[in-house]
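These notes are about the structure you will find just below.
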Amino acid sequence: MTSSSTHSRKALSKIACNRLQKELVEWQVNPPAGFKHKVTDNLQRWIIEVNGAPGTIYANETYQLQVDFPEHYPMEAPQVIFIPPAPLHPHIYSNGHICLDILYDSWSPAMTVSSICISILSMLSSSTVKQRPTDNDRYVKNCRNGRSPKETRWWFHDDKV
């Protein structure tokens, strides 16, 4: 299963529930282009379908994101991973973990699920090659026991892809 399912999660705070309900209503009224929220009764875990942007190397490809919200969202960033099979991309590991600064060090409570999705689609769209990160095998091996990507000390050094 996914890394977040191996850890017990605390229930969402009232602030987090209110914020997520507001974001869900906004999503239903004005969804980001190329994304579809798969409706479930679980406010704490969203499954989002991602469609590769036209004119990119991911055009006509569909992937799924899993977004797990922490107790203190939006003060704390959600955990966002691709449900395997993850796209081949220099910043996306085969286990679905995503190396993107806004998911970790650069998170801001002003960000929303929509803004995360747009950033991920932008990252995908700017890539000119389909390949895994050079340290994919080592990283995935180190994550085998269900380690969350939020436990990784990411090194954000390449903003060209």
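Basis for what follows: all heavy atoms, side chains included, without hydrogens, waters or symmetry-related copies. For the single chain, residues carry numbers from 1 onward in sequence order. Please read all numbers here as calculations on a predicted model, not as lab measurements.
The pair R19-E23 counts as a salt bridge, with a side-chain nitrogen and a carboxylate oxygen less than 4.0 angstrom apart.
Closest heavy-atom contact between H37 and W27: CB-NE1, 3.4 Å. Minimum heavy-atom separation, S106 to M111: O-CE, 3.5 Å. The nearest pair of heavy atoms linking L20 to W46 is O-CZ2, 3.9 Å. Shown here for V129 and P90, the closest heavy-atom pair between the two residues is O-CD, 3.8 Å. Looking at every heavy atom in both residues, P78 comes nearest to I116 through CG-CD1, 3.7 Å. The two residues S114 and P32 have their closest heavy-atom pair at OG-CD, 3.7 Å.
To the nearest 0.5 Å, the span separating CG on L124 from CD1 on I57 amounts to 8.5 Å. Between the CZ atom in R132 and the CD1 atom in I92 there is a gap of 7.5 Å [rounded to 0.5 Å].
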### Task
Decide side chain to side chain contact (heavy atoms under 4.5 Å, CB included) for T112 and E26; before the verdict, give the C-alpha distance in whole Å, the side-chain angles of both, and the deciding distance to 0.1 Å.
CA-CA 10 Å; T112 63; E26 175 61 29; over 6 Å; no
### Task
Evaluate the side chain to side chain contact (heavy atoms under 4.5 Å, CB included) criterion for residues V80 and L65: first the C-alpha distance (whole Å), next the side-chain angles of each, then the deciding distance (0.1 Å), finally the verdict.
CA-CA 7 Å; V80 183; L65 285 173; 3.9 Å; yes
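Taking the six-membered ring where the residue is Trp, Y139 and H97 present perpendicular rings, their angle passing 60° and hence far from 30°. Ring geometry, F69 versus Y73: the interplanar angle exceeds 60°, so the pair is classed perpendicular (tilted spans 30 to 60°).
Although no hydrogens or angles enter the test, the distance criterion places a donor-acceptor pair under 3.5 Å between the side chain of Y58 and the main chain of L88. Although no hydrogens or angles enter the test, the distance criterion places a donor-acceptor pair under 3.5 Å between the side chain of S126 and the main chain of S122. In this structure a side-chain-to-backbone donor-acceptor pair under 3.5 Å is missing from Q66 to Q79.
Contact annotation: the side chain of Q21 approaches that of L43 to within less than 4.5 Å [non-hydrogen atoms, C-beta and beyond].
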